[in-house]
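Below is one structure; the comments refer to it alone.
Computed from a predicted model, the values in this text were never measured in an experiment. Chain letters run A, B, ... following the sequence lines, proteins first and then strands; every chain starts at 1.
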Protein chains: 2
Amino acid sequence: MDSSQLLKGVLDLAVLAVLAERDSYGYDVVRRLREAGLEDVGDASVYGTLRRLFKAGALTSYVVASDEGPHRKYYGLNDVGRSLLQTSAKTWTSFAATMNDLLKEVDPG
Amino acid sequence: MDSSQLLKGVLDLAVLAVLAERDSYGYDVVRRLREAGLEDVGDASVYGTLRRLFKAGALTSYVVASDEGPHRKYYGLNDVGRSLLQTSAKTWTSFAATMNDLLKEVDPG
DNA sequence: GGCTCTACTGCGCAATGCGTAGTACTGTGC
DNA sequence: GCACAGTACTACGCATTGCGCAGTAGAGCC
């Protein structure tokens, strides 16, 4: 199975999770997700997700000048985002539990 | 988050898992997935997945007449399917672990 | 001046789950 | 006999969303 498909519907959650820790900008979110283990995440996917979440009203946004390159567009969670994160996390956890249940009878050994 | 998106890339795995238990036909796979907790899975998605997996050479197929309705197209795992199931399960498990890691710092408690 | 790293945007594509309609067989109730 | 529900499958088109790639642009290094 192409692991990239697994991100569908979960990248939002992953992005919200890293933003919950602290405000961040696109390039940095990509780095942090990859460090967390999502090594194959595409940068365009993350930027797209940030834009989508912002458009959906879940994020605040502000621009900060940088010493080592172009300006950075920081994003942070607002109340909508925090609440979205909580409900999404619950949905994910319960879904993952269901899948693990389905799979446990499959264990090869 | 729309929980339907969570199925992306995972429905294959779920279908393979129920077929691993025993051979089954589309209508029955839908029922078993819903009983397992995937209540929102659409029937067309399952039929589509079965056709896709069959076309990919992961399933065998045979038709059986039924007493209580139209014929049933049974599907079962072959070697390719079993191996696909094993690798997909591993990929999923590791991915889920990564996500749980990301989320554990988010816990509202 | 060209190269790399940083940082973001936009375009179009591919995968896949879903809604809906359609076909068709069996059994039940009138 | 006929309408209807339950069973069982197929086909068409849509929406979502992650990705590849190209493009723009600033800062530092050679």
Side-chain angles (χ1 to χ4, degrees), chain A residues 1-16 23-34 38-56 58-59 61-75 84 88 91-92 95 99, chain B residues 1-16 23-34 38-56 58-59 61-75 84 88 91-92 95 99:
Chain A
M1 174 163 44
D2 184 357
S3 83
S4 76
Q5 288 296 321
L6 292 179
L7 273 180
K8 292 273 175 183
V10 186
L11 186 54
D12 283 30
L13 176 55
V15 167
L16 289 171
D23 284 12
S24 193
Y25 53 96
Y27 200 83
D28 187 49
V29 172
V30 172
R31 232 171 359 213
R32 287 164 68 192
L33 288 177
R34 290 189 177 152
L38 301 177
E39 291 163 26
D40 295 334
V41 69
D43 57 335
S45 307
V46 172
Y47 285 115
T49 299
L50 286 168
R51 277 193 294 253
R52 211 164 31 237
L53 288 172
F54 177 70
K55 202 174 156 196
L59 303 180
S61 174
Y62 50 100
V63 172
V64 176
S66 165
D67 291 345
E68 32 179 356
H71 67 278
R72 295 168 172 166
K73 194 180 284 183
Y74 274 77
Y75 292 96
L84 182 60
S88 295
T91 303
W92 156 260
F95 176 80
M99 282 304 298
Chain B
M1 175 165 41
D2 184 356
S3 83
S4 77
Q5 288 297 320
L6 293 179
L7 273 180
K8 291 274 177 186
V10 185
L11 185 54
D12 282 30
L13 176 54
V15 167
L16 288 171
D23 285 12
S24 192
Y25 53 97
Y27 200 82
D28 187 49
V29 171
V30 172
R31 231 171 0 213
R32 286 163 69 191
L33 288 176
R34 289 187 177 151
L38 302 177
E39 290 163 28
D40 294 333
V41 70
D43 57 335
S45 307
V46 172
Y47 285 115
T49 298
L50 286 169
R51 276 194 293 258
R52 210 161 36 233
L53 288 172
F54 177 70
K55 202 174 157 197
L59 303 181
S61 174
Y62 49 100
V63 171
V64 177
S66 165
D67 290 346
E68 34 179 355
H71 68 277
R72 294 166 173 169
K73 193 180 285 184
Y74 273 78
Y75 291 97
L84 183 59
S88 295
T91 304
W92 157 260
F95 176 81
M99 283 304 298

Checklist entry - Any side-chain N or O of B:Lys73 less than 4.0 Å from the OP1 or OP2 oxygen of D:dT10? => result yes
Item to check | Nearest-angstrom distance from the residue atom CD of B:Glu39 to P of C:dG17 | outcome: 18 Å
Checklist outcome for this item: Between CG of B:Leu38 and P of C:dT16 the distance, given in whole Å, is 17 Å
Item to check | Spacing of A:Leu7 atom CG relative to C:dG17 atom C1', expressed in whole Å | outcome: 17 Å
Item to check | Phosphate OP1/OP2 of D:dC9: any B:Tyr47 side-chain N/O under 4.0 Å | outcome: yes
Checklist outcome for this item: Heavy atoms of B:Trp92 and A:Met99 approach each other most closely as CZ2-CB, 3.5 Å
Next on the checklist: Please confirm whether the shortest side-chain N or O distance from A:Arg72 to OP1 or OP2 of D:dG26 is below 4.0 Å.
Outcome noted: no
Checklist entry - What integer distance in Å separates B:Arg34:CZ from D:dA8:P? => result 14 Å
Checklist outcome for this item: Heavy-atom contacts, protein to nucleotides 25-30 of chain C, under 4.0 Å, summarised as B (base), S (sugar-phosphate only) or - (none) per nt, yield BSS---
Checklist entry - Given C:dG19, D:dT17, D:dT16, which nucleotide is nearest the side-chain atoms of A:Lys8? => result D:dT17
Next on the checklist: Whole angstroms only, please: what is the CG-P distance between A:Asp43 and C:dG10?
Outcome noted: 15 Å
Checklist outcome for this item: The side chain to side chain donor-acceptor pair (under 3.5 Å) partners of B:Asp43 (sequence neighbours excluded) come to none
Next on the checklist: Tell me the interatomic distance from A:Leu59, atom CG, to C:dC8, atom P, rounded to whole angstroms.
Outcome noted: 13 Å
Checklist entry - Quick one: is B:Ser45 getting a side-chain N or O under 4.0 Å of the C:dT16 phosphate, OP1 or OP2? => result no
Checklist entry - What residues form a side chain to side chain contact (heavy atoms under 4.5 Å, CB included) with B:Arg52, not counting sequence neighbours? => result B:Asp12, B:Thr49
Checklist entry - Roughly how many Å is it from CG in A:Leu6 to P in C:dA15, rounded to a whole number? => result 16 Å
Checklist entry - Which residues pass the side chain to side chain contact (heavy atoms under 4.5 Å, CB included) test with A:Glu39, sequence neighbours left out? => result none
Checklist entry - Can you tell me if the side-chain N/O atoms of B:Arg51 get under 4.0 Å from OP1 or OP2 in D:dT10? => result yes
Item to check | A:Arg51: partners by salt bridge (charged side-chain N to carboxylate O under 4.0 Å, His left out), with sequence neighbours left out | outcome: none
N/O donor to acceptor pairs below 3.5 angstrom from side-chain atoms of residues 61-69 of chain B, sequence neighbours left out:
from	atom 1	to	atom 2	distance (Å)
B:Tyr62	OH	B:Asp23	OD2	2.5
B:Ser66	OG	B:Glu68	N	3.1
B:Glu68	OE2	B:Arg72	NH2	3.2

Item to check | Shortest side-chain distance from A:Gln5, nucleotide among C:dG19, C:dA15, D:dG18 | outcome: C:dA15
Item to check | Atom-pair distance (CZ on A:Arg32; P on C:dT6), nearest Å | outcome: 16 Å
Next on the checklist: Nearest heavy atom decides the nucleotide; on that basis, is B:Tyr25 or A:Val46 closer to the 5' end of DNA chain D?
Outcome noted: B:Tyr25
Item to check | Nearest heavy atoms of A:Phe54 and A:Leu59, plus distance in Å | outcome: CD1-O, 3.2 Å
Checklist entry - Which nucleotide sits closest to the side chain of B:Tyr27: D:dG18, C:dG17, D:dA8? => result D:dA8
